[in-house]
Amino acid sequence: MKNPTLIALAGLLLASLAHAEKPNVVFIMADDVGLGDIGHYHRQRTGKEPLAPTPNLDALAMSGMRFSDAHSSTALCSPTRYCAMTGNLCHRSYTPWGVWSSFRKTPITDRDATLARVADRAGLTTAFLGKWHLGGDFRKQGSDEIYRIPDKNVDPEAVDMTRLVGSGPQSAGFDYTYTLLSGIQGPIYLAYENGEWAPYAEDSQLVFLSKENAGHPSYVSDKGPGTGDTNWNPAEVGPRLSAKAVDFIERTAAEDKPFLLCYWTPMVHVPHVPPEEFDGLKIRGATPTHHLDMVLDLDQQVGRIVAALKEAGEYENTLFVFSSDNGGLLDKRGQKAGHDSSGGYRGSKNKPHEGGHRVPFFASWPGRIAAGAESDEPIAVHDLVATLAGLFDLTLGEEQAKDSLDLTKLLLGQEGFVGRDEFLLQGGSGKEVIYRKGDWKLIIQGNHRVTKWEPRELYNLAESPLEEATANKIDDPEHADRVQEMFERYLEIRESGARTTPLRG
């Protein structure tokens with residue numbers, strides 16, 4: 001007769017061994033954070049201490065591999081989020097330029113290999129916390145019809161805002177979600193937990209939130225009024241969101257399950273409403289600008305998550321990746337005080353130059369990724385989908401993650417990694433696209449309806465990484481053939497729908 005106790009113990013042992021063989025993955029994507037916003041990169045460039053210290057982010061950067069040629073998929077947040085979630089460039093979506101407000105159909109399809117779906121195939125429990133900005137489905141009041149009118153500044157009397165239906169991160173495959181549909185900039189000023197409205201307090205009500213009835217006029221951004229929680233306060237978002245992350249880590253670790261945590265914080269996007277303090281650290285007024293105060297807020301969030309991993313005994317078995325959805329914000333007061341969010345590069349968020357899309361990117365995994373490692377390989381946040389598949393030795397479909405490069409061998413220092421020689425990126429609302437061939441970068445301008453394209457700027461980034469106007473070789477006869485070849489190659493890839501990276505598996 002079989003001993004049930006021994007059978008149970010054997011089952012627990014097998015579960016434990018299965019977990020030990022699979023790492024956790026934490027992917028933090030910040031909002032509007034440029035290279036210069038991270039203390040390590042600021043010191044590296046200037047030799048001076050940063051105005052907004054980031055000790056937690058610095059420690060992560062030094063504990064693993066740092067990338068000097070890393071990029072957001074676009075110079076704007078919403079389209080980058082699509083790329084990061086699916087491994088596809090934005091031109092493959094139904095709206096090639098974004099932006100997916102809270103009442104638009106999501107660009108993510110059932111056939112896409114999302115981060116969550118890949119992790120689920122590997123047996124991981126998955127969570128999404130933070131800013132989504134990839135569409136949302138809400139029903140009209142008293143109707144099954146989905147609200148699709150372009151007006152974002154809706155009143156809860158017209159639309160049922162208590163429940164997110166058929167879209168959001170749960171539709172992308174995540175097990176647990178705590179979602180800010182448009183981050184902290186609105187015009188939806190609400191949080192959703194597993195698709196249900198998550199009131200900020202027991203006495204919270206849904207109202208049409210405006211500068212007149214909000215807790216403070218600064219709580220409502222320049223995007224305007226809209227449905228909101230009567231207790232909405234963006235200063236509480238960082239502490240609240242990171243507390244949810246800690247709860248998820250503790251809960252999942254206690255169940256002895258490996259996990260994927262996508263933590264897409266809305267910091268440091270406007271409105272800049274910093275908390276007074278965060279885990280004992282003064283935040284509000286601690287730096288020359290509220291923008292830089294938000295950098296402190298971001299660093300404290302990261303510190304909480306790292307501490308939770310260590311407390312749960314999971315840090316050593318966690319691949320931790322940090323990056324940003326686009327380049328840094330232009331902060332003139334901060335610049336006068338000595339801070340440059342773009343890290344010395346030309347441009348900032350929403351611009352096609354390097355400052356608009358070259359972002360901090362580092363990966364840490366104790367004992368697996370060499371501490372202090374550096375790489376100048378050109379990579380992007382949309383490489384995470386194929387990398388996640390590579391980490392767990394999974395195969396993707398021919399039509400999945402068509403622009404995602406598996407970085408596993410590079411991260412782990414293994415032989416056989418082949419980097420990309422050509423690189424497609426996208427600017428922002430100005431309808432610019434970018435094609436790189438080695439060190440050469442071509443900026444191509446589309447017209448308003450994107451029916452015509454025109455090469456506008458050509459740089460050799462090895463010679464002129466700051467893209468000075470005098471370094472633009474677009475009209476240099478010596479490079480006329482290069483411009484034409486690069487231009488035609490970009491159009492060929494875009495129009496044919498061809499993959500830009502090898503099929504994972």
Side-chain angles (χ1 to χ4, degrees), residues 25 27-29 33-35 38 40-41 44-45 60-75 80 83-84 87-89 115 319-327 343-345 353-365 368-391 396 401-426 434-442 459-467 486 489-490 493 499-505:
V25 179
F27 174 28
I28 295 184
M29 188 160 69
V33 170
L35 272 174
I38 308 301
H40 167 78
Y41 294 108
Q44 191 177 53
R45 183 177 69 88
L60 278 172
M62 296 303 294
S63 68
M65 180 176 286
R66 303 183 302 279
F67 289 83
S68 60
D69 198 358
H71 301 264
S72 55
S73 311
T74 78
T80 290
C83 302
N88 289 323
L89 288 172
L115 290 167
L319 170 60
F320 201 114
V321 177
F322 176 89
S323 194
S324 178
D325 64 352
N326 49 245
Y345 287 97
H353 301 106
E354 294 295 290
H357 52 83
R358 189 176 290 235
V359 294
F361 192 113
F362 39 85
S364 172
W365 186 2
R368 300 300 302 277
I369 298 176
E374 296 183 290
S375 174
D376 59 2
E377 287 286 343
I379 67 165
V381 295
H382 53 261
D383 290 335
L384 263 294
V385 176
T387 301
L388 194 61
L391 185 66
L396 298 177
K402 298 177 77 170
D403 308 291
S404 191
L405 183 64
D406 180 6
L407 306 178
T408 307
K409 291 180 179 179
L410 175 62
L411 293 171
L412 300 181
Q414 299 172 349
E415 294 183 358
F417 173 77
V418 179
R420 48 166 59 91
D421 184 49
E422 58 180 1
F423 202 5
L424 277 68
L425 298 168
Q426 185 169 299
I434 298 155
Y435 176 75
R436 265 185 60 181
K437 180 71 173 178
D439 292 324
W440 288 95
K441 174 181 177 179
L442 182 67
Y459 300 97
N460 185 322
L461 295 178
E463 297 176 357
S464 308
L466 304 186
E467 298 169 294
M486 293 178 69
R489 175 59 178 157
Y490 175 82
I493 294 171
R499 298 187 65 89
T500 65
T501 53
L503 176 62
R504 163 58 216 164

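Side-chain atoms of W365 and L391, non-hydrogen and from C-beta on, do get closer than 4.5 Å to each other. The side-chain heavy atoms of L424 and D403, taken from C-beta on, include no pair separated by under 4.5 Å. Side-chain contact check for L412 versus I369: some heavy-atom pair is nearer than 4.5 Å. Annotation: side chain of D69 is in contact with side chain of R436 (closest heavy-atom distance under 4.5 Å). Side-chain contact between R489 and K437 is absent, with no heavy-atom pair separated by less than 4.5 Å. Inter-residue side-chain proximity for F417 and L411 is flagged as unmet; no heavy-atom pair is nearer than 4.5 Å. Inter-residue side-chain proximity for Y435 and E422 is flagged as met; some heavy-atom pair is nearer than 4.5 Å. The closest side-chain heavy-atom distance from H353 to R358 is not below 4.5 Å.
Closest of all the heavy-atom pairs between Y345 and L35 is CE1-CD1, 3.7 Å. Of all the heavy atoms in I379 and F423, the pair that sits closest is O-CZ, 3.5 Å. Minimum heavy-atom separation, M29 to D325: CG-N, 3.7 Å. When every heavy atom of A380 is checked against every heavy atom of F361, the shortest pair comes out as O-CE1, 4.3 Å. Heavy-atom minimum distance, G327 versus V359: N-CG1, 4.0 Å. Across every non-hydrogen atom of S324 and S72, the tightest pair is O-CB, 3.7 Å.
With values rounded to the nearest 0.5 angstrom, K441 atom NZ is found 8.0 Å from L425 atom CG. Remark: F320 CZ to F27 CZ distance equals 11.0 Å, nearest 0.5 Å. One finds the CG atom of L388 at 11.5 Å from the CG atom of L407 (value rounded to the nearest 0.5 Å). Distance CG/L410 to CG/D383: 10.0 Å, rounded to 0.5 Å. One finds the OG atom of S404 at 8.5 Å from the CZ atom of R499 (value rounded to the nearest 0.5 Å). In this structure, N326 CG and Q426 CD are separated by 12.0 Å, a value rounded to the nearest 0.5 Å.
Counted by atom type alone, S68 and D376 present zero donor-acceptor pairs between their side chains at under 3.5 Å. Remark: the T80 side chain and the S73 side chain contain no N/O donor-acceptor pair separated by less than 3.5 Å.
Remark: side-chain polar atoms of S63 are not paired, donor with acceptor, to backbone N or O of A371 under 3.5 angstrom.
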Would you check, one step at a time, whether the test side-chain contact (heavy atoms from CB on, under 4.5 Å) holds for E467 with L461?
CA-CA 7 Å; E467 298 169 294; L461 295 178; 3.9 Å; yes
Go through the steps to decide whether E354 and H71 satisfy the test side-chain contact (heavy atoms from CB on, under 4.5 Å), and finish with yes or no.
CA-CA 9 Å; E354 294 295 290; H71 301 264; 3.2 Å; yes
